[in-house]
> 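My structure is below; once you've seen it, I'll send some questions.
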Amino acid sequence: VGRDQTVISSGINAEYGELGEREMAKNVNSTQFRTVDVDAYDEEAYEDEARVQDDSGVAEVTERASKVKDLLSQMKTKEALVEALKSPPVGRDQTVKSQNYDTVMWVLKSFKGSDIDAAVADLSMVEVDILMKYLYKGFSCSPDKAANLLLWHEKVVAKGGLGSIVRVMVDRKGV
């Protein structure tokens with residue numbers, strides 16, 4: 001045993017140069033290498049960046065609702081849908097989200113069943129994913145509108161595929 005300790009200790013001296021066991025132990029206890037505050041990343045205190053920047057957007061959503069209303073009065077339902085889906089208020093307060101949700105639902109119920117295919121076909125994949133978020137929010141918030149939302153869901157899945165559903169389910173940024 002004594003001989004093994006000599007080999008180990010001489011191996012340490014050979015590997016670390018002039019550092020003895022005492023100096024190496026002092027260096028291990030040094031906290032100078034810690035530059036990141038790990039306590040700041042506590043799971044219970046974590047907040048999404050999108051949720052932290054709460055710059056309320058009431059004026060933006062109100063302006064969008066006005067544009068959508070004008071487009072719907074001109075019977076431009078496809079353009080109204082695209083406008084309603086443009087930059088949703090992600091991470092803002094619930095009243096702003098609810099106001100934009102109401103605008104999107106208003107647009108969706110203004111479509112005839114035969115026009116839904118053409119409207120979804122004209123949407124980009126990003127817009128399809130945003131629409132899917134609103135559909136799932138509609139299923140949870142307004143079960144009385146589920147029949148109409150299921151028509152939309154069928155058409156959106158036909159365009160976006162299962163990938164759209166997965167992207168919406170794993171996205172932490174709710175609308």
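Just so you know, these numbers use all the heavy atoms, side chains as well, and skip hydrogens, waters and symmetry mates.
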> Would you check if Met105 and Lys145 make a side-chain contact, meaning some heavy-atom pair closer than 4.5 Å?
yes
> Same cluster for Met125 and Val168 if Ile/Leu/Val/Met/Phe/Trp/Tyr side chains link at under 4.5 Å?
no
> How long is the gap from CD on Gln99 to OG1 on Thr62, to the nearest 0.5 Å?
4.0 Å
> Answer with yes or no whether the side chains of Thr95 and Asp93 bring together a donor and an acceptor at under 3.5 Å.
yes
> Hey, quick one: are Val156 and Val166 part of the same hydrophobic cluster, counting side-chain heavy atoms closer than 4.5 Å, chains of contacts allowed?
no
> Do Leu162 and Val170 sit in the same hydrophobic cluster, where Ile, Leu, Val, Met, Phe, Trp and Tyr count as joined when their side-chain heavy atoms come under 4.5 Å apart?
no
> Given side-chain contact (heavy atoms from CB on, under 4.5 Å), test Leu81 with Leu123 step by step and report yes or no.
CA-CA 9 Å; Leu81 179 61; Leu123 295 177; 4.1 Å; yes
> Quick check: closest heavy atoms across Gly138 and Tyr101, and the distance to 0.1 Å?
CA-OH, 3.2 Å
> Just how far is it from atom NZ of Lys67 to atom CD of Glu79, taken to the nearest 0.5 Å?
13.5 Å
> Just grab all the salt bridge (charged side-chain N to carboxylate O under 4.0 Å, His left out) pairs involving residues 123-137, residues at least two apart or on different chains.
Asp129-Arg167, Lys133-Asp171
> If I compare all heavy atoms of Lys109 with all of Asn148, which pair ends up nearest, and what's the gap?
CA-ND2, 3.7 Å
> Suppose we screen for side chain to side chain donor-acceptor pair (under 3.5 Å). Which residues come up paired with Ser66, at least two apart in sequence or across chains?
none
> How far apart are the C-alpha atoms of Arg64 and Ser87, what are their side-chain angles, what is the distance that settles it, and do they pass the side-chain contact (heavy atoms from CB on, under 4.5 Å) test?
CA-CA 10 Å; Arg64 181 179 305 126; Ser87 64; 3.0 Å; yes
> Do Tyr134 and Asn100 come close enough that some side-chain heavy atom pair is under 4.5 Å?
yes
> Check step by step if side-chain contact (heavy atoms from CB on, under 4.5 Å) holds for Met132 and His153.
CA-CA 7 Å; Met132 186 67 83; His153 188 267; 3.5 Å; yes
> Looking at Val120, is its backbone amide N or carbonyl O close enough to the side chain of Lys155 to form a donor-acceptor pair, meaning the two atoms are under 3.5 Å apart?
no
> Can you tell me how far the CG atom of Leu108 sits from the CG atom of Leu135, to the nearest 0.5 Å?
6.5 Å
> Hey, could you give me each pair passing ring pair (Phe, Tyr, Trp, His ring centres under 6.0 Å) that has a residue in residues 106-131? Not counting sequence neighbours.
Phe111-Trp152
> Carefully, step by step, assess Leu72 and Val107 under the rule side-chain contact (heavy atoms from CB on, under 4.5 Å).
CA-CA 8 Å; Leu72 287 176; Val107 171; 4.2 Å; yes
> Going by side chain to side chain contact (heavy atoms under 4.5 Å, CB included), Tyr136 matches just one of Ile165, Leu149, Val175. Which one?
Ile165
> Between CG of Asp115 and NZ of Lys78, what distance do you get to the nearest 0.5 Å?
7.5 Å
> To the closest 0.5 Å, what do you measure between NZ (Lys86) and CD (Glu60)?
10.5 Å
> Do Val157 and Leu150 share a hydrophobic cluster, counting only Ile, Leu, Val, Met, Phe, Trp and Tyr and linking them when any side-chain heavy atoms are less than 4.5 Å apart?
yes
> Taking all atoms of both residues into account, what is the closest heavy-atom pair of Val128 and Ser164, and its distance?
CG1-OG, 3.9 Å
> State, to 0.1 Å, how close Leu85 and Ile130 come at their nearest heavy-atom pair, and which atoms those are.
O-CD1, 3.6 Å
